[in-house]
Amino acid sequence: MTERRFSLVHYRIPFLWLGLLAVLLLLAWQPMLRGLVPWRGDGLLHFVRLAQLERAVQGGDLFPRWSPDLGYGFGFPLFNFYAPFSYYVSLIPRLLGLPLTVSLQMSYGLALLVLAAGMFLWARAVWGSDWAGVTAVLAAIYSPYMLYNTYHRAALAELWGLAWLVMALWAIQDFSARRPPRAARTALGYLAIFYAFLLLSHNITALIGTPILLAYALLQIRTPNAKIHNLFLALLLGLALSAFFWLPAFLEKSYVQIENLTATANFAYTSHFLSWRELLAWPQTADPRQVNPAIPRSLGWPAIILALLAWLPVKKTAVNSPISNLQSRKYHRLALTLVTFACLFMTLPASQPIWDAVPLLAFVQFPWRFLGPAAISLAMLAALGLQTLEALLAVRYPSAIVGYGLSVICLALPLFALPWLFPASAPPLPASLTPLDTIRFEIETGWLGTTAAADYLPRTVQQLPPSDSLIPRYEAAPPDGFISRLDAAQLPAEFVIQDQQEQFTHTRLQYHSAEEVTAVFDLFAFPGWQAQLDGRSLPTSLTQPEGLITAVLPPGDHTFQLAFANTPLRAAANALSLASLLLLAALAVFSAYRPSSRAAHQADPTASPSGA
């Protein structure tokens, strides 16, 4: 009799392991379950960005490329360049009425859950063992870098990026397993979606992760009758699905002062290499005398030891050996080892010639970001190491003793990570933010537009206006209202505004004027702003050196509008993403209703019935 199992899509996971995964994640979630919100590093920025996204969506702008309340209230093209996925996850509970703090906690918790699910599925598919899946989850979730990212850097976007990278790696492996055609097509659809989510989650993780995905897809060429060209087509589809974001973000970067990102030593990669001593550092003991203690960016020693065990030889005739495909084991073991060492090498000063030779790497900023993929590949090797140990011990000891022993070894992974799970208590954090709070936050922290180096400041702005110049107008407006972008005090007495309407990225006014007036609008000029007079296009210019939008308004009675719209590039990128989404939906319908080749699959004696 076969074991009854719960089916997640077409990949089967026993209830026992699902429950165990939830329990194992409780320790990683416990700081948030105690009420803590990750706040160090980028943590406070997420509050402001989420509040701006919420304000845009409530105003009818579902994907706001322009955030009018950032940049001291003069506007900032934040989401035209910063990957937005993690904030849309937080937006759902926020729109349901939950506070900013809880909404962000849920996004962090879900990112860890997706990462854990991806590690379990991938390790179980590659090594063919539930124990391997659980070990990979523990080694990845409780790796020092993952917990450092979560609680000491509050790197929410990067955490989501790593989660989708793992899910995409699993989808590649899932396609390569000899499955029925319908299941293989489903895996390709997942790959396209997961890769799109990766591109929409974190620019830098996508930059690092894309070569890894391409290399892993190429590795599948060893699989007999593998149609690896389908993997590359799926990745292209994911690229097209997310084109509405990454295409303008990449091609319009010359419109902003992106060079600020690497202009100072604080953000130059040359200042952030690690040493082997740092990579292999042990946890720091608690010191109550330190207000901001140094947090090691290192590898977990239990994972390292288990990864080394993965290279122990295992005989094909080993009793109760869970390793059914030694050839696949060797390929993956070698590939994962190479990826681990390559990523670790990129964190060391010896890799600087590579950083110097590849201009795009400068945007990574911190070489130690490569610890993310290194932790993932090391976790996979640790899973194989535990499996290898199981195969060796099973020859001499009863299965019950082996099981208890492996459980104890697995517990070493979270125990080693405990020092990273007790971050400093957070200061009082807001349940909501008004636009006025946003401007004051920028003034107090110096993080203009919620960026550390004003790297998304429009290039037209050569000198910033006074940081508090719009505060009186924001104070006079309702907390969630919109300010007038035209300062009436600067207009001549003959210019009479008869009606004025202000929306999120739209200004409309009806006026009467006895003379021609050059109106200055308190908005930074940026491609996409379009002016109309009585329904006809009206040229605009900008002030020097502040880069504010100006328009010459003729005398008489007229209706003037200023609105932020898509450029031709953005419109084309949107159309490409929409067409790709429709294509994916059509392929899903076609796959669902196309007759399955189940009989041919069952006739193949090499086909795997469980998909593992």
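Fair warning: this is a prediction, and the values are worked out from it, not measured in the lab. Values reported hereafter were calculated over all heavy atoms of this structure, with side chains retained and with hydrogens, waters and symmetry mates removed.
- Neither side chain, N574 nor S577, offers a donor N or O lying under 3.5 Å from an acceptor on the other.
- A573 and A243 get closest at one heavy-atom pair: CB-O, 3.4 Å.
- Side chain to side chain, T518 and T550 fail the donor-acceptor criterion of an N or O pair below 3.5 Å.
- Formation of a donor-acceptor pair under 3.5 Å by the D437 side chain with backbone atoms of T434 is found in this model.
- Between the CG atom of N266 and the CG atom of L261 there is a distance of 12.0 Å, given to the nearest 0.5 Å.
- For the 3.5 Å distance criterion, the side chains of T450 and R49 qualify, holding a donor opposite an acceptor.
- Among all heavy-atom pairs drawn from S242 and L199, the shortest one is OG-CD1, 3.0 Å.
- Panel note: side chain W246, backbone L200; no donor-acceptor pair is recorded below 3.5 Å.
- Counted by atom type alone, W355 and S351 present one or more donor-acceptor pairs between their side chains at under 3.5 Å.
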List the steps and the verdict of side chain to side chain donor-acceptor pair (under 3.5 Å) for Q500 and S484. CA-CA 8 Å; Q500 185 171 4; S484 171; 2.8 Å; yes
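- By the 4.0 Å N-to-carboxylate-O rule, R55 lies too far from D61 to be salt-bridged with it.
- Proximity of a side-chain donor or acceptor of R94 to a complementary backbone N or O of L50 within less than 3.5 Å is not detected.
- Within a 6.0 Å sphere centred on CZ of F250, heavy atoms belonging to other residues, nucleotides or ligands number 12 at most.
- E502 and T507 are linked by a side-chain donor-acceptor pair at a separation below 3.5 angstrom, with hydrogens and angles left out of the test.
- Each of F63, W160, F245 was compared with F85 under the ring-ring contact (aromatic ring centres under 6.0 Å, His included) criterion, and only W160 meets it.
- Side-chain contact between V517 and F495 is present, with at least one heavy-atom pair separated by less than 4.5 Å.
- A distance-only check finds no donor-acceptor pair linking the side chain of S271 to the backbone of F267 [under 3.5 Å].
- A 4.5 Å side-chain heavy-atom check between E515 and P492 finds at least one atom pair inside the cut-off.
- The side-chain contact (heavy atoms from CB on, under 4.5 Å) test with L159 singles out one residue from V114, T205, T150, and that residue is T150.
- Inter-residue side-chain proximity for I354 and L361 is flagged as met; some heavy-atom pair is nearer than 4.5 Å.
- A distance-only check finds no donor-acceptor pair linking the side chain of T210 to the backbone of L207 [under 3.5 Å].
- Centroid-to-centroid, the aromatic rings of F560 and Y511 stay 6.0 Å apart or farther.
- Side chains of E252 and T567: a donor on one and an acceptor on the other come within 3.5 Å.
- A side-chain N or O of Y148 and one of R297 form a donor-acceptor pair less than 3.5 Å apart.
- Side-chain contact, Q52 with D69: a donor N or O sits under 3.5 Å from an acceptor N or O.
- Between the Q352 side chain and the T270 main chain, no donor and acceptor come within less than 3.5 Å of each other.
- Put simply, the side chain of I497 reaches to within 4.5 Å of the side chain of L486, judged on heavy atoms.
- Using modelled atom types, one finds no donor on one side chain facing an acceptor on the other under 3.5 Å when comparing H558 with Q510.
- Atom CG of L448 sits about 10.5 Å away from atom CZ of F74, to the nearest 0.5 Å.
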Between W66 and F526, does the ring-ring contact (aromatic ring centres under 6.0 Å, His included) criterion hold? Intermediate values first, please. CA-CA 9 Å; W66 184 264; F526 188 74; 5.8 Å; yes
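- Distance alone, capped at 3.5 Å, places no donor-acceptor pair between the R485 side chain and the F521 backbone.
- Side-chain contact between H202 and R369: present, with at least one pair of heavy atoms (C-beta onward) separated by less than 4.5 Å.
- In this structure, Q257 CD and L457 CG are separated by 4.5 Å, a value rounded to the nearest 0.5 Å.
- In the displayed structure, R536 atom CZ is contacted under 6.0 Å by at most 12 heavy atoms of other residues, nucleotides or ligands.
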